[in-house]
Amino acid sequence: QVQLVESGGGLVQAGGSLRLSCAASGRTFSSYAMGWFRQAPGKERAFVAVISWGGGRTAYADSVKGRFTISRDNVKNTVYLQMSSLKAEDTAVYYCAAAAEYRKTMVPDEVDYWGQGTQVTVSS
């Protein structure tokens with residue numbers, strides 16, 4: 001069992017930066033691929049980024065490539081999403097996710113655990 005708790009969301013101006021954190025409980029954190037999704041009002045939950053269990057592989061949605069960076073600390077049981085050059089269209093609730101298998105595009109059906117979400121609002 002893994003419990004995920006996100007933090008770090010908030011209101012930021014366009015062009016600014018935020019760092020999201022996702023703290024995981026459970027001894028098996030390091031065996032999971034970890035990812036971030038986001039969901040804007042009226043839209044489906046969308047993949048943002050994923051990192052393999054050891055941190056050696058990462059992948060990003062085209063919309064965030066070059067602006068967002070995913071990382072993890074398996075000692076602290078935490079995964080991060082560093083977001084830079086934020087745009088109004090990045091506004092969404094961001095969810096942390098854990099999956100048993102690493103895929104370049106994490107899909108919701110393969111997620112084993114979800115966090116509760118954290119709101120990110122980018123003002124233009």
Side-chain angles (χ1 to χ4, degrees):
Q1 186 81 7
V2 176
Q3 292 185 324
L4 305 173
V5 179
E6 301 98 333
S7 62
L11 175 64
V12 63
Q13 289 188 335
S17 299
L18 275 178
R19 188 176 82 156
L20 305 183
S21 299
C22 173
S25 64
R27 298 180 183 177
T28 59
F29 170 78
S30 61
S31 66
Y32 284 89
M34 298 297 298
W36 290 92
F37 287 76
R38 66 186 181 186
Q39 188 166 18
K43 295 188 176 182
E44 293 186 352
R45 195 168 295 190
F47 166 76
V48 174
V50 62
I51 187 166
S52 60
W53 66 270
R57 292 176 289 175
T58 59
Y60 300 88
D62 287 343
S63 58
V64 307
K65 206 171 290 184
R67 300 188 298 122
F68 290 11
T69 302
I70 189 170
S71 61
R72 68 189 294 163
D73 184 333
N74 286 345
V75 174
K76 295 182 178 179
N77 279 10
T78 302
V79 62
Y80 306 96
L81 186 68
Q82 178 67 49
M83 306 185 293
S84 303
S85 302
L86 283 161
K87 306 174 183 180
E89 51 264 42
D90 294 318
T91 295
V93 177
Y94 282 71
Y95 296 90
C96 180
E101 297 291 332
Y102 172 84
R103 303 245 189 266
K104 285 188 177 180
T105 301
M106 208 176 207
V107 295
D109 285 351
E110 294 183 346
V111 171
D112 295 300
Y113 301 102
W114 292 99
Q116 84 289 350
T118 185
Q119 176 71 47
V120 171
T121 303
V122 183
S123 63
S124 55

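Values below: every heavy atom of this structure, side chains too, minus hydrogens, waters and symmetry copies. Predicted, not measured: the structure shown is a model, and the values here were computed from it.
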### Message
Contact between Y95 and R45 at the side-chain level, heavy atoms closer than 4.5 Å - yes or no?
### Response
yes
### Task
Apply the test side chain to side chain contact (heavy atoms under 4.5 Å, CB included) to residues V2 and T28: give CA-CA distance (whole Å), side-chain angles for both, the deciding distance (0.1 Å), then the verdict.
CA-CA 7 Å; V2 176; T28 59; 3.7 Å; yes
### Task
Give a yes or no on this: more than 12 heavy atoms of other residues, nucleotides or ligands lie within 6.0 Å of atom CD of E101.
no
### Task
For the residue pair S71 and V79, establish whether any side-chain heavy-atom pair is separated by less than 4.5 Å.
no
### Task
With the side chain counted from C-beta on, respond yes when L20 and M83 share a heavy-atom pair under 4.5 Å apart, and no when they do not.
yes
### Message
Going by side-chain contact (heavy atoms from CB on, under 4.5 Å), V120 matches just one of V93, D90, L18, L81. Which one?
### Response
L18
### Query
Can W53 be reached from Y102 by stepping across I, L, V, M, F, W or Y side chains whose heavy atoms are under 4.5 Å apart?
no
### Side-chain heavy atoms of L4 within contact of M34, under 4.5 Å
yes
### Message
If you count heavy atoms of other groups shown closer than 6.0 angstrom to NZ of K65, is the number above 12?
### Response
yes
### Ring centres under 6.0 angstrom apart (Y60, F47)
no
### Task
Examine I70 and V64 and state if one hydrophobic cluster contains both, with Ile, Leu, Val, Met, Phe, Trp and Tyr joined whenever side-chain heavy atoms are less than 4.5 Å apart.
yes
### From NZ (K43) to CD (Q39), nearest 0.5 Å
11.0 Å
### Query
Is the closest side-chain heavy-atom distance between V50 and K104 below 4.5 Å?
no
### Query
Any side-chain heavy-atom pair from Y80 and C22 closer than 4.5 angstrom?
no
### Query
More than 12 foreign heavy atoms under 6.0 Å from CD of Q3: is that the case here?
no
#### Entry: Atom pair CD (Q82) and CZ (F68), whose distance is rounded to the nearest 0.5 Å
9.5 Å
### Query
Can you tell me how far OG of S7 sits from CZ of R19, rounded to the nearest 0.5 angstrom?
9.0 Å
### Task
Indicate, with yes or no, if I51 and Y32 share a hydrophobic cluster defined by side-chain heavy-atom contacts under 4.5 Å among Ile, Leu, Val, Met, Phe, Trp and Tyr.
yes
#### Entry: Main-chain N/O of S84 paired to S17 side chain as donor or acceptor, under 3.5 Å
no
### Query
What is the distance from atom CD of Q119 to atom CZ of R38, rounded to the nearest 0.5 Å?
12.0 Å
### Query
Under 4.5 Å between any side-chain heavy atoms of W36 and C96, yes or no?
yes
### Query
How far apart are the closest heavy atoms of V111 and A97, and which atoms are they?
CG1-CB, 3.7 Å
### Task
Without swapping roles, check the side chain of D73 against the backbone of K76 for a donor-acceptor pair under 3.5 Å.
yes
### Message
Taking the six-membered ring of F29 as reference, does the cationic atom of R72 (NZ for Lys, CZ for Arg) lie under 6.0 Å from its centre and within 45° of its axis?
### Response
yes
### Task
List the atom of N74, the atom of G54, and the distance in Å for their closest heavy-atom pair.
ND2-CA, 4.5 Å
### Task
Taking all heavy atoms of A88 and all of S124, pick out the closest pair and write down the distance.
CB-CB, 4.2 Å
### Query
Does the side chain of E6 come within less than 4.5 Å of Y94's, by heavy atoms?
no
#### Entry: Minimum-distance pair of heavy atoms, taken over all atoms of T91 and A40
O-CB, 3.8 Å
